[in-house]
Amino acid sequence: MPEITQEEELDLRFLSAVRDLPGDAKTGTADRTAPVRAGTGLTGEQAIALFDAQAGSRHLDLAARCLRAEGHGFYTIGSAGHEADAAVGAALRPSDPALLHYRSGAFYLARAAQVPGSQPLRGVLLGLVGASDEPIAGGRHKVFGHHGLAVIPQTSTIASHLPRAVGIAFCIGRAAKLGVPSPWLADAITVASFGDASASHSTAAGAIGAACRTAYQGLPMPLLLVCEDNGLGISVRTPDGWVAAAHSGRPALRYFSADGCDPAACFDAAAAAAAYVRASRSPAFLQLKVVRFLGHAGSDAEVSYRSPAEIAAQYARDPLLGTARLIVAAGLARPEQVIRRYEALRVRVRLLADEAVTHRRLASRAEVTGPLAPRRPGQVARRAAQAAPPAARTGTFGRKLPEAAGPLTLADTINRALADALAAYPELIVFGEDVGRKGGVYGVTRGLARRFGVGRVFDTLLDEQAILGLGLGAGVSGLLPVPEIQYLAYLHNAEDQLRGEAASLQFFSTGQYRNPMVVRVAGLAYQKGFGGHFHNDNAVGVLRDIPGLVVAVPARAQDAAPMLRTCLAAAQADGTVCVFLEPIALYHTRDLYQAGDSGWLSPYAGPERWASEHVPIGHGRGYGDGTDLTVVTFGNGVPMSLRVARRLAADGAGVRVFDLRWLAPLPAEQLRAEAELTGRVLVVDETRRSGGVSEGVITALADAGYQGRMARVTSADSFIPLGNAAAHVLVSEPEIEQAARRLLG
């Protein structure tokens, strides 16, 4: 006889254990509205609903393995052994925003059961086979997500959804305080589930720490953290007692726990935790001690790191068996009735699975990428031209409007543009390290907190992951977040919040959830008298690599305000995630060619000019009309290249300078046109030679069929040292001029 599979063994052991449960002829006649046992709030009706959710989840796991074996399915990480979380789903309201662990299948089914018309079994199966009509991700991934169930789809790396969960919990109250329409009810709580291995990840530690600190300050933080503790991270064991030791007794965090094989205890603990969070608007941590069946996934042979005796011992703690035992003991059903219920769900899931494999799959690149980064430039242009009413602008700026203030620096222009945006968008919030009372390290947000209040312009803790997580939460809560990252080098601590969470949300929800956000980042190099690697960072490759992310780099004041308005309008109209990279060294630059010429200052345009001066995403800016050489650059390279162009012009060379302005997407069509006008292109790239912007520019020209001469000057593949030593690794004007003269012959 062939050996039975682990799926078959799990199934057979459950059925055998249920048959052995004691029952009599009177079993099945108990009052379903009464508690299933003394001291619990779980009624018989709720217990049966829990069993249905748990059994449905179990059969989805078994079907996933069958579909994979048949060549129809693509995902086998299941929830078997974790079905205790159905009690959490039952204890919460279906309107409470939920961010679910990939083993929270029973929670998902329990929530769906509370919303008439939901078809969670069918939806999950369509996800397993990658069907294009799967209701949330459209065949792009198997996720637990549903717009009508307030379940935000997660495809996160370990615990990377927790900063967003903290952000949502914070923004429930903030949106209500600002009077901004939100998808969440005012008394909603946020729930996020994760595993015990994830609880030790730095992302989880940072998010939980941020929640605790926020609550400790007396600010609302209605967050329920649910740790589904099975004692394993794939094959790595979590020390016994560690989760409780690390999270019980923490300041401002109430701790609850329950045995996952006891559904009544799970329900009572979840109900108590949810009630505490809802009433106190403070966070709670619920630990469910569960087991894990079927390994980590279909490819995981857990016999290589767990003994047969240990694996076998788990079967007695099957949460599905625990619920069956409770139902029979309470007189709600006889063992054979429980088995019939279980088998009926098996048949239903199998029929749905057979039907799912007939559905079409995503069939083209365009279809796959469709929801990634929608662009509606017409709507963006119209929104970017909209200003606050004149009275509101006068109330913001007083008697002296910015357009009457004379030429401004880059920093002052961004400050005025943010003030204009805060006046025009009541849902806009600005936050980050030192942005409030201090007004930012470089004064860019000076005075905004005083004008608009700390509800809209405020300081955060010093954690970039938490800052971006707050932006992620705000974006799905009806707000328009503008977080500031103090230095580009600090962003690298939290890049996955952009890559794995922000930029992917529309892709994995077919646009049903959006993450509008404009992340202001002070960056790039060339600061005088201040610096080193952490304050002079020229690494932007990681940003250009994120699908759909928009990266804007205004080099001068005249571009900064319209580009910022474009980013904000795109975020609001299309859910675009933008990084607005501000060159630190140009913040307060006044002169261009010589001291005192004020050549890098620009007047601030009033609203009557916003439409005509609109800068679309991916649209660069040309300087000059020379026909001998095109210099392509951005950021600090723009003033340097303009100075070089002037010196070359004195020698009779006609040089035009093209400022990309947008590093993602690159202005490819303009780029080729500017190159063709001269037949010679010099790319001036202040980022690194390997992985820098110039590689993308040269490739874009080659892809477009440009056949003229090309060269580039870049910064070295090096971190940036302190002081004058930085000049040895950064692009310099002499290098630009020498390279230009070589191209000119």
Side-chain angles (χ1 to χ4, degrees), residues 364-366 369 373 375 377 538 540-541 543-545 547-553 555 559 615-717 731-745:
S364 69
R365 179 178 296 181
T369 60
R375 297 277 184 263
N538 59 355
V540 301
L543 296 174
R544 296 190 63 248
D545 180 55
L549 187 74
V550 169
V551 181
V553 184
D559 291 335
V615 179
I617 289 174
H619 189 86
R621 171 178 181 152
Y623 294 85
D625 55 5
T627 58
D628 297 320
L629 174 67
T630 300
V631 178
V632 177
T633 189
F634 63 95
N636 293 288
V638 178
M640 290 195 294
S641 297
L642 288 172
R643 287 190 286 268
V644 169
R646 192 184 206 197
R647 290 196 289 273
L648 294 173
D651 292 340
V655 179
R656 59 198 310 123
V657 175
F658 182 63
D659 178 6
L660 296 168
R661 295 198 292 198
W662 307 88
L663 302 188
L666 288 170
E669 292 185 11
Q670 282 182 292
L671 185 59
R672 179 183 177 179
E674 290 285 333
E676 297 283 8
L677 288 170
T678 65
R680 298 183 184 89
V681 173
L682 176 64
V683 183
V684 176
D685 179 9
E686 64 179 288
T687 65
R688 299 167 189 171
R689 191 165 188 82
S690 299
V693 174
S694 61
E695 290 183 346
V697 172
I698 296 291
T699 301
L701 286 170
D703 285 348
Y706 173 71
Q707 297 180 345
R709 296 178 63 189
M710 292 186 286
R712 60 181 177 139
V713 287
T714 72
S715 295
D717 288 342
V731 170
S732 67
E733 286 186 35
E735 285 180 284
I736 298 171
E737 186 169 347
Q738 290 167 14
R741 291 186 183 279
R742 283 194 298 270
L743 268 178
L744 289 166

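Just so you know, residue 1 is the first one in the sequence shown, and it goes up from there. Bear in mind the structure is a predicted one, so any value in this text is a computation, not a measurement.
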- Is there side-chain contact between Ile736 and Leu682, with at least one heavy-atom pair below 4.5 Å?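 They are in side-chain contact.
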Can any side-chain N or O of [X] pair as donor or acceptor with the backbone N or O of [Y] at less than 3.5 Å?
{"X": "Arg656", "Y": "Gly626", "result": "yes"}
{"X": "Trp662", "Y": "His619", "result": "yes"}
{"X": "Glu735", "Y": "Ser732", "result": "yes"}

- Query: Does any pair with a residue in residues 678-687 pass salt bridge (Lys or Arg N to Asp or Glu O under 4.0 Å), and if so which ones, sequence neighbours excluded?
  - Reply: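 Listed once each, the pairs would be none.
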What residues form a side-chain contact (heavy atoms from CB on, under 4.5 Å) with [X], not counting sequence neighbours?
{"X": "Ala668", "result": "none"}
{"X": "Ala664", "result": "Val551"}
{"X": "Ala716", "result": "Ser718, Val729"}
{"X": "Glu669", "result": "none"}

Taking side chain to side chain donor-acceptor pair (under 3.5 Å) as the definition, give me every residue that meets it alongside [X], ordered by chain and number, with sequence neighbours left out.
{"X": "Thr699", "result": "none"}
{"X": "Arg643", "result": "Glu733"}
{"X": "Asp559", "result": "Arg621, Arg661"}
{"X": "Ser690", "result": "Asp717"}

Spacing of [X] atom [atom1] and [Y] atom [atom2] [to the nearest 0.5 Å]:
{"X": "Arg672", "Y": "Leu677", "atom1": "CZ", "atom2": "CG", "value": "11.5 Å"}
{"X": "Arg688", "Y": "Asn538", "atom1": "CZ", "atom2": "CG", "value": "5.0 Å"}
{"X": "Leu660", "Y": "Gln670", "atom1": "CG", "atom2": "CD", "value": "9.5 Å"}
{"X": "Phe658", "Y": "Thr678", "atom1": "CZ", "atom2": "OG1", "value": "12.0 Å"}
{"X": "Ser641", "Y": "Asp659", "atom1": "OG", "atom2": "CG", "value": "9.0 Å"}
{"X": "Thr630", "Y": "Leu743", "atom1": "OG1", "atom2": "CG", "value": "10.5 Å"}

Least distance between heavy atoms, [X] atom then [Y] atom:
{"X": "Pro667", "Y": "Gly620", "answer": "CB-N, 3.8 Å"}
{"X": "Ala555", "Y": "Gly635", "answer": "CB-O, 3.5 Å"}
{"X": "Pro665", "Y": "Val550", "answer": "CD-CG2, 4.4 Å"}
{"X": "Asp628", "Y": "Gly652", "answer": "OD2-O, 4.1 Å"}
{"X": "Val693", "Y": "Leu663", "answer": "CG2-CD1, 3.9 Å"}
{"X": "Val684", "Y": "Gly637", "answer": "CG1-CA, 4.4 Å"}

- Under the salt bridge (charged side-chain N to carboxylate O under 4.0 Å, His left out) rule, collect the residues that match up with Glu695, sequence neighbours excluded.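 Partners of Glu695 by the salt bridge (charged side-chain N to carboxylate O under 4.0 Å, His left out) criterion come out as none, since no residue qualifies.
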- Query: Residues two or more places apart in sequence or in another chain: which of them pass salt bridge (charged side-chain N to carboxylate O under 4.0 Å, His left out) with Asp651?
  - Reply: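 Salt bridge (charged side-chain N to carboxylate O under 4.0 Å, His left out) list for Asp651, sorted by chain: Arg741.
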- Please step through side-chain contact (heavy atoms from CB on, under 4.5 Å) for the pair Val644 and Val631, ending with a clear verdict. CA-CA 10 Å; Val644 169; Val631 178; over 6 Å; no
- Task: Show your working on side-chain contact (heavy atoms from CB on, under 4.5 Å) between Thr687 and Phe634 and close with a plain yes or no.
- Result: CA-CA 10 Å; Thr687 65; Phe634 63 95; 3.8 Å; yes
- Qualifying side chain to side chain donor-acceptor pair (under 3.5 Å) pairs, either residue in residues 701-713, two or more places apart: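 Found Ser694-Arg712.
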- Message: Walk me through whether Leu671 and Val697 qualify under side-chain contact (heavy atoms from CB on, under 4.5 Å).
- Response: CA-CA 8 Å; Leu671 185 59; Val697 172; 3.8 Å; yes
- Residue pair Val681, Val632: steps toward the side-chain contact (heavy atoms from CB on, under 4.5 Å) verdict: CA-CA 7 Å; Val681 173; Val632 177; 3.9 Å; yes
